[in-house]
2 protein chains.
Amino acid sequence: MIGAFKSTNQRARVVAEGIATAIHEHRLAPGMKLIEDEVGEIYGVSRTIVRSALQSLSHEKLVEIEPNRGAFVARPSVRDAREVFEARALLEPRTAHSAATRTTPADIELLKRHIEEEHAALDAEEVGRALRLSGNFHIEIARIANQATIAAFIGQLVARSSLIIALYWRRRNALCESHAHHALLDALARNEADRAEELMTSHLVDLVSLLDLTEPPVEPTSLKEALGAE
Amino acid sequence: MIGAFKSTNQRARVVAEGIATAIHEHRLAPGMKLIEDEVGEIYGVSRTIVRSALQSLSHEKLVEIEPNRGAFVARPSVRDAREVFEARALLEPRTAHSAATRTTPADIELLKRHIEEEHAALDAEEVGRALRLSGNFHIEIARIANQATIAAFIGQLVARSSLIIALYWRRRNALCESHAHHALLDALARNEADRAEELMTSHLVDLVSLLDLTEPPVEPTSLKEALGAE
DNA sequence: GAGGCAGGGATTGTATACAATGCATCCGAT
DNA sequence: ATCGGATGCATTGTATACAATCCCTGCCTC
């Protein structure tokens with residue numbers, strides 16, 4: 001949605017976005033193997049396209065490609081998790097600041113609709129969809145800041161965050177976020193840049209505090225994966 | 001050098017790094033066309049590998065792939081240039097701060113050697129090589145900060161900066177940088193984090209001030225490119 | 001001449017064939 | 001029974017063949 005790249009080949013893009021969305025919505029769990037033939041069959045394309053898509057996803061660190069072994073949904077380590085949120089803490093507050101100075105009523109409408117959709121998804125028990133929309137809220141703010149380069153970085157970090165949440169989230173309640181997003185929306189609507197920056201900072205701190213980053217490894221997808229690999 | 005990724009296929013990596021280095025050293029000019037067959041012949045690989053490499057480079061925005069038209073060395077717009085240095089201003093000073101708190105004598109030795117190599121290259125009139133080494137200095141600092149995720153972002157931004165410099169640099173003197181790098185090295189050696197952060201901030205400001213970002217388009221590589229495309 | 005259109009060569013997009021590698025299973029030896 | 005190695009299947013890595021697209025050139029019309 002955010003990146004209207006024309007660069008990568010159209011068909012590979014469809015496949016990559018399909019897989020990415022599935023990862024964002026936690027339909028594809030970390031560690032899951034992505035067999036080229038299977039994916040190709042699903043999307044009706046040859047392995048050439050699938051490979052291109054998988055390489056693209058591996059560049060965004062949503063997928064890990066192990067030479068001669070195949071592609072797996074990435075399993076960020078505890079260290080990865082810390083790094084991702086460290087990077088977000090560096091980028092997003094200042095970006096929210098910038099965004100607040102430029103937010104238009106149209107932007108506010110869009111963000112409002114995002115939040116509403118998120119609530120609707122939560123009410124419908126579609127946790128995965130709610131999670132993806134929650135991430136999109138952050139990406140939308142980066143877009144408002146009108147810095148495509150930084151927005152692309154944030155987009156990647158948000159995507160990885162989804163995997164991190166899948167692995168290290170303490171509980172199942174994503175509700176807590178709604179309040180923070182509402183407050184951010186308010187600050188943006190009033191063009192209160194400093195407050196938006198502070199809110200984003202504390203929002204990210206809150207997010208990290210909801211992760212359990214103590215256990216070094218992570219719950220394996222299957223015994224086979226746990227014992228067979230690495 | 002910085003990314004010892006095992007992810008992408010070995011052969012494609014060699015090709016991608018070869019092209020990337022050539023871009024960093026300004027042997028490949030912005031806008032230049034990269035024909036798959038030609039590249040494949042040079043490296044002794046099939047188009048499959050070349051395509052993989054080009055897609056990888058396009059993800060790093062060193063190459064632009066225009067559907068059905070081919071791959072070209074990227075030509076960052078004035079806006080891209082501003083965005084890249086805006087992102088660097090956001091990431092690098094804080095990263096230098098972090099790095100300064102962790103810099104070891106071994107790191108200092110490495111950085112010193114970097115600077116020396118850069119000087120040697122300049123003395124030998126190898127401007128391209130000096131430029132690449134100058135960029136590596138920044139990447140090395142990010143590495144010292146021990147944040148791989150942020151370091152990867154900075155690496156990408158430094159690489160793009162090389163293209164931006166090729167297009168928008170006012171003069172030919174890269175000498176000015178040496179002083180700033182020396183000062184940074186000193187701050188890191190003494191573990192003076194705040195000073196390192198300030199030095200990095202002003203260094204980046206200096207860099208931008210040496211760019212001429214007034215002219216909307218850029219000097220074309222060839223008449224054909226200038227008149228034929230877009 | 002200027003503009004438009006058709007043909008041909010060059011280049012990219014995609015699928016597929018074949019080689020290389022890894023993984024599981026089975027067998028035999030100890 | 002457990003370990004070691006060999007065999008076969010599943011999957012990935014690479015090259016190549018063919019189709020689609022683009023771009024250049026030359027011709028034709030006005």
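Just so we're on the same page: letters track the sequence lines, and every chain starts at 1. No experiment lies behind these values; they were computed from the predicted model shown.
Remark: side-chain polar atoms of B/R160 are not paired, donor with acceptor, to backbone N or O of B/D80 under 3.5 angstrom. No side-chain donor-acceptor contact under 3.5 Å links B/E36 to the backbone of B/V50.
Phosphate contact (OP1/OP2 of C/dA15, side-chain N/O of A/S46, threshold under 4.0 Å): present.
Salt bridge B/R82/B/E86: absent, no basic N to carboxylate O contact under 4.0 Å.
The closest side-chain heavy-atom distance from B/E118 to B/H114 is not below 4.5 Å.
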Under 3.5 Å between N/O atoms: give me all the protein pairs with nucleotides 6-12 of chain C, atom names plus distance.
residue	atom	partner	partner atom	Å
C/dT12	OP2	B/E36	N	3.3

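Other residues, nucleotides and ligands contribute at most 12 non-hydrogen atoms within 6.0 Å of the CZ atom of A/R94.
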